[in-house]
Amino acid sequence: MKAGSLGRYIAQRLLLAIPMVFILLTLLFLLLNAAPGDPVTATLGGRLPPEEIAQRKEALGLNDPLYVQYFNYMGNALTGDFGNPVTDPRSVVQIVLDTAPATIELALAAMLVAILLGITVGALSGRLRDTPFDVGGRLFGILIYAAPVFWTGLLAQLYFSVELGWLPSQQRAGGFDAPEPITGFYVFDSIITGDMAALGTVLSHLVLPAVTLGLLLGGVFIRLVRVNMLQTLRSDYVEAARARGLREHVVLFRHAFKTALIPIITIMGLQFAMLIGNAVLTEHTFTWPGLAQALVGFIGARDYAAVQGIVTFIALVIVGVSLLIDIFTGLVDPRVRY
Amino acid sequence: MTSTSTGGDNAVLEARTPLKTRLHHVWRPFRESSRISRGLIFSGLGLIAAFLLLAFLGPLVYPYDGTQYRAETSPGEFTAFPELAPPSAEHWFGTTKDQFDVLARIIDGATLAFAVMALAVSIAMIIGVTLGLFSGYRGGRLDRIMVTAMDAVYAFPPLVLAIIVSFVLAAYLSPGVPSAAAAVGLVYIPQYFRVVRNHTLSVKEEPFVEAAKSFGARNRTVLGRYVFFNVVQTVPVILTLNAADAILVLASLGFLGYGVQPPTPEWGYDISQAVNDVAAGIWWTALWPGLAIVLLVMALTLVGEGLNDVINPLLRARGKAGRKIKAMPAARRRGRSRRTSDAAEQDDEGLAAKVRDLRVGYRTASGPLWAVDGVSFEIKKGETVALVGESGCGKSSMGRAMLRLMPPGGVVHGQVEIGGTDVVTAPDSEVRKLRGEGVSLMFQEPMTRLNPLERVSDHFVEMIRTHKPKTSREDARAMARDALVQVGIPPTRIDNYPHEFSGGMRQRVMLALSIVLTPRLIVADEPTTALDVIVESQILSLLERLRVEENVGILFITHNLGVVAEACDRVAVMYAGKIVEMGPVDEIFTNPKHPYTRGLVASTISLNTTELRSIGGYPPNLIDPPRGCRFAARCPHVMDHCTQSPPELTEVGPDQRAACFLYPGAGQPVPEGVVAPSGDPQVSGI
Ligand SMILES: Nc1ncnc2c1ncn2[C@@H]1O[C@H](COP(=O)(O)OP(=O)(O)OP(=O)(O)O)[C@@H](O)[C@H]1O
Ligand code: SF4
Ligand SMILES: [Mg+2]
């Protein structure tokens with residue numbers, strides 16, 4: 001019966017995700033088609049003879065009426081075809097496959113930094129409310145949030161790379177330094193090939209961008225964890241747990257912290273959007289060859305087709321992540337899955 | 001309007017209260033907030049004011065423009081600014097590679113930032129509020145679609161969305177303040193939409209709106225005002241936080257090259273121009289614009305966070321840290337628990353708990369108060385003592401103090417002895433062991449006392465194995481099943497989650513948790529208020545059985561004198577933090593001595609109500625209690641010296657004591673001519 005209710009809950013979430021995908025993609029299509037002109041002219045106008053442009057437009061179905069384009073777009077997107085850029089011979093899917101591992105590696109490393117920082121400082125701040133530690137932690141969280149990630153990145157480069165010369169300031173490990181590419185996740189690749197020298201280089205390139213991005217997200221987590229810790233620490237069942245004589249660490253971790261994590265995870269799902277936005281900036285600052293950097297490049301080249309494809313992919317990932325978060329919450333919290 | 005529409009009534013009341021009162025309500029949490037929250041808000045406001053000065057006075061005062069690369073040294077003579085000059089007397093913050101003055105660009109950047117911020121937030125708010133009102137009012141399918149669309153926009157990375165919008169807008173508008181503001185502002189629409197739409201929807205479903213319609217009514221005005229007053233509390237927080245975010249998004253757009261038209265001074269764009277300087281070790285071109293962003297965003301966030309602290313009651317601080325309750329003598333606070341002497345222990349053998357001069361204090365926003373102020377009594381083993389009194393007289397405070405379970409800002413003084421341990425002074429570890437095993441507390445509100453993420457069995461196993469580490473999991477579960485059966489819950493439900501039980505069942509689960517380790521003392525704080533009569537009597541007879549069979553002492557806190565008569569041996573009557581009368585249940589009911597007790601008993605008997613309200617007036621303010629008898633203001637027998645000094649508990653009958661100057665021994669001789677009232681229990685002065 002328990003498994004059944006969980007299964008029903010997941011099915012329900014999946015059903016709810018469908019209109020979300022539908023509306024999100026429609027909005028994106030409308031937004032991107034609100035720009036006058038067509039992608040081919042916008043990108044290559046003046047650089048190619050008009051006949052060739054007309055030919056390309058025909059090939060891409062851009063002469064079809066808008067509603068036909070819309071149905072094609074939706075159909076393709078839902079079957080995993082995100083189209084082809086005008087300025088790049090690869091398909092969008094291929095571009096995603098080439099560049100996403102770098103972004104994911106950066107994001108995961110940053111998350112690690114953020115979670116360690118956010119949870120320790122946030123939980124302690126909540127526990128030690130209104131002490132100097134708490135005030136310091138909050139101010140740090142606000143300060144970190146207020147600093148644009150590209151600026152902190154620049155300062156970090158200025159100090160650690162230019163001034164001290166400890167760490168490389170730009171790029172991912174590349175050329176001879178890079179491990180044999182197997183999955184595209186360099187840390188993982190260098191570990192499975194046992195290439196410790198490559199691992200060192202890979203990590204040294206990863207440190208600055210990951211810490212820069214991680215600090216920023218960590219600032220948000222500090223605030224989040226602190227507030228939720230405060231709320232659960234005041235909750236009736238935490239007091240009741242104390243009244244039963246449970247040990248303080250059991251009260252804190254099993255009763256207060258665990259429940260505080262649920263809203264934190266939910267909000268972390270929303271922060272995923274923020275992670276992507278800041279990944280764009282971080283990749284740009286550190287010329288990190290990830291998906292976000294590719295997107296910025298295509299926007300610069302006014303390549304609508306590529307932008308549409310990549311943004312559609314990002315939209316689907318976002319819905320997927322929020323679905324995963326919902327399912328995870330369902331697993332942890334019995335109240336939501338009746 | 002019927003009684004079912006209380007929410008609506010409140011809403012109407014709220015909507016119709018004069019603006020001044022409403023503003024007072026908005027203001028009050030601010031006054032009651034902690035110094036830290038107010039510190040946050042004021043330092044943030046100060047910084048914002050400084051930036052406003054910079055943005056609007058700076059251009060008038062500072063000699064250079066952000067896009068100026070030369071100065072007129074003498075009429076018609078121009079001298080170009082140096083390239084990448086470090087800060088100097090001439091150029092305070094240095095110059096850029098384009099020979100611009102950095103400080104001038106910071107100043108113009110501030111003006112631009114405020115313009116974009118104000119425009120962006122206004123766009124978002126106007127569109128969001130309008131759509132929210134519309135969607136919530138219309139309801140139906142349109143509402144559902146709009147909600148999903150807004151959720152979709154909200155979930156999308158704001159920066160990426162802003163980039164795309166400015167990318168598309170660039171085809172129609174030349175880059176400038178309006179296009180930047182539109183790109184930045186669109187992102188925030190869903191937040192306003194959501195708040196307004198939810199309030200509109202909730203109020204629309206209230207019966208009073210329906211009722212108002214039938215009066216041909218101004219329900220739209222009522223609706224509008226209701227939504228306005230609710231939204232007015234959350235919107236300022238969203239607004240300031242959005243403003244902070246808008247600065248960041250604007251700078252990010254500028255950094256990526258999608259902001260305003262270069263070389264318009266804009267902090268993010270300026271930083272992007274400084275990227276190569278950084279590699280050459282030049283710091284001033286990147287540092288200053290970044291600092292400007294950090295400080296302004298921080299200022300806005302400080303205000304937003306501070307407001308949130310003030311408005312969100314859950315986070316509201318626990319009062320002014322400055323005013324402290326008189327400290328406990330240091331010697332008492334530290335030392336180990338005072339073990340009772342052997343002789344005394346002999347004496348206390350038959351006691352479940354002994355309370356001496358117990359005082360419980362809280363720090364509140366309006367000042368410190370003693371909720372329990374010098375209370376002494378005993379509970380024998382196998383005895384049920386009732387604690388009765390008006391709401392707010394300190395009953396729950398006393399119950400918690402028996403376990404030293406104080407909320408932050410609460411203190412306990414005096415002595416509470418349970419099983420040879422003084423709860424007040426014992427070290428934490430000892431008190432912790434006592435809780436649940438030596439003394440257990442059933443809370444007043446049962447619904448929220450169980451951890452929603454844990455099965456009922458987990459609650460039991462965890463508790464039993466904390467106190468009796470040698471118990472196996474299976475044995476602990478068996479004990480739990482026994483306890484559940486005793487309170488009338490099928491043992492098969494042991495692995496259910498709390499939300500799968502009704503309120504009454506949860507209360508019984510709590511009771512089972514309190515008895516499973518057979519404590520010496522059970523403090524039951526209004527354990528039957530939420531229950532129907534049948535369950536109530538089951539619980540009462542269960543407590544009765546524990547008392548008789550297990551010799552447990554029970555402190556039974558209640559409003560219900562009927563239950564007292566049925567289930568208790570002795571009664572303690574509390575008034576404004578003090579026990580005013582204590583005695584055997586029969587004496588208290590048939591022969592009450594204290595005028596307050598008389599009032600209580602009279603109200604039960606003559607009005608047949610469980611409310612303790614037949615006495616006119618209200619209890620005194622505990623922050624500044626009266627010097628003499630605390631009941632004096634409401635007492636029909638009040639005498640001159642009643643207001644001079646407090647009466648003490650004195651013997652008024654067999655095992656019966658009262659604190660009233662009508663009886664000799666209360667601390668002041670009864671003046672001649674005044675006779676203790678007799679017989680008639682009716683208290684006048686309703
Ligand atoms: N955590 C707290 N912080 C500040 N003041 C408090 C706190 N808890 C209680 N008080 C105050 O102490 C006084 C006694 O409260 P208490 O809850 O003990 O009353 P009570 O007799 O149990 O009332 P009721 O019958 O309504 O449950 C009240 O004036 C209340 O405002
Ligand atoms: S002491 Fe005085 S005021 Fe207080 S109850 Fe007795 S008669 Fe009334
Ligand atoms: Mg109470």
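Below, each value reflects all heavy atoms present in this structure, side chains not excepted, and no hydrogens, waters or symmetry copies. Labels below follow one simple rule: chain letters A, B, ... track the order of the sequence lines, proteins then strands, and each chain is numbered from 1.
- For chain A, the nearby parts of B/Ile271 are the backbone and the side chain; heavy atoms of each come within less than 4.5 Å.
- Contact count versus chain B (heavy atoms, under 4.5 Å) is highest, among A/Ala240, A/Ala241, A/Ala147, A/Gly300, for A/Ala240.
- At least one donor-acceptor pair under 3.5 Å links the side chain of B/Arg432 to the backbone N or O of A/Gly245.
- With salt bridges taken as basic N to acidic carboxylate O contacts below 4.0 Å, none links A/Arg234 and A/Glu239.
- Below 30°, between 30° and 60°, or above 60°: for A/Phe257 and A/Phe253 the angle between ring planes is above 60°, a perpendicular geometry.
- Only the side chain of A/Arg223 comes within contact range of chain B, with heavy atoms under 4.5 Å apart.
- Interface residue A/Thr259: backbone and side-chain heavy atoms are both found under 4.5 Å from chain B.
- Interface summary for chain B: among A/Ser322, A/Pro19, A/Ala292, A/Pro148, the most heavy-atom pairs under 4.5 angstrom belong to A/Pro148.
- Side chain of B/His467 to main chain of B/Arg435: a donor-acceptor pair is present (N/O by atom type, distance under 3.5 Å, no hydrogens or angles).
- In this pair, A/Phe150 and B/Phe255 present their aromatic rings parallel. The plane angle is below 30°, not in the 30 to 60° band.
- With hydrogens and angles ignored, the 3.5 Å screen pairs no side-chain donor or acceptor of A/Thr287 with any backbone N or O of A/Glu283.
- Chain B forms the most heavy-atom pairs under 4.5 Å with one residue out of A/Val307, A/Val149, A/Val311, A/Val238, and that residue is A/Val311.
- Between chain B and the options A/Ala315, A/Ala243, A/Gly277, the largest number of non-hydrogen pairs under 4.5 Å is found for A/Ala243.
- For chain A, the nearby part of B/Glu454 is the side chain; its heavy atoms alone come within less than 4.5 Å.
- Contact of B/Arg400 with chain A is made through the side chain alone, with heavy-atom distances under 4.5 Å.
- A/Leu24 touches chain B through backbone and side chain together, each having a heavy atom under 4.5 Å away.
- Looking at B/Leu434, neither its backbone nor its side chain comes within 4.5 Å of chain A, counting heavy atoms on both sides.
- Interface residue B/Phe156: backbone and side-chain heavy atoms are both found under 4.5 Å from chain A.
- Between chain B and the residues A/Ile299, A/Leu295, A/Leu32, the largest count of heavy-atom pairs under 4.5 Å involves A/Ile299.
- Contact of B/Leu453 with chain A is made through backbone and side chain together, with heavy-atom distances under 4.5 Å.
- Heavy-atom distances place both the backbone and the side chain of A/Leu31 under 4.5 Å from chain B.
- Contact of A/Val296 with chain B is made through backbone and side chain together, with heavy-atom distances under 4.5 Å.
- Proximity to chain B is limited to the side chain of A/Leu27, based on heavy atoms less than 4.5 angstrom apart.
- Ranked by heavy-atom pairs under 4.5 Å with chain A, the first of B/Asp458, B/Thr301, B/Leu403 is B/Thr301.
- If you measure heavy-atom distances from A/Phe22 to chain B, you find no contacts under 4.5 Å at all.
- Using a 4.5 Å cut-off between heavy atoms, B/Ile163 touches chain A through its side chain atoms alone.
- Neither the backbone nor the side chain of B/Ser440 comes within less than 4.5 Å of any heavy atom of chain A.
- At a 4.5 Å heavy-atom cutoff, A/Leu233 makes no contact with chain B through either its backbone or its side chain.
- Using a 4.5 Å cut-off between heavy atoms, A/Leu16 does not touch chain B at all.
- At a 4.5 Å heavy-atom cutoff, the contact between B/Leu248 and chain A is made by side-chain atoms alone.
- Looking at B/Ile247, neither its backbone nor its side chain comes within 4.5 Å of chain A, counting heavy atoms on both sides.
- Side chain to side chain, A/Tyr145 and B/Asp245 meet the donor-acceptor criterion of an N or O pair below 3.5 Å.
- Contact of A/Val250 with chain B is made through the side chain alone, with heavy-atom distances under 4.5 Å.
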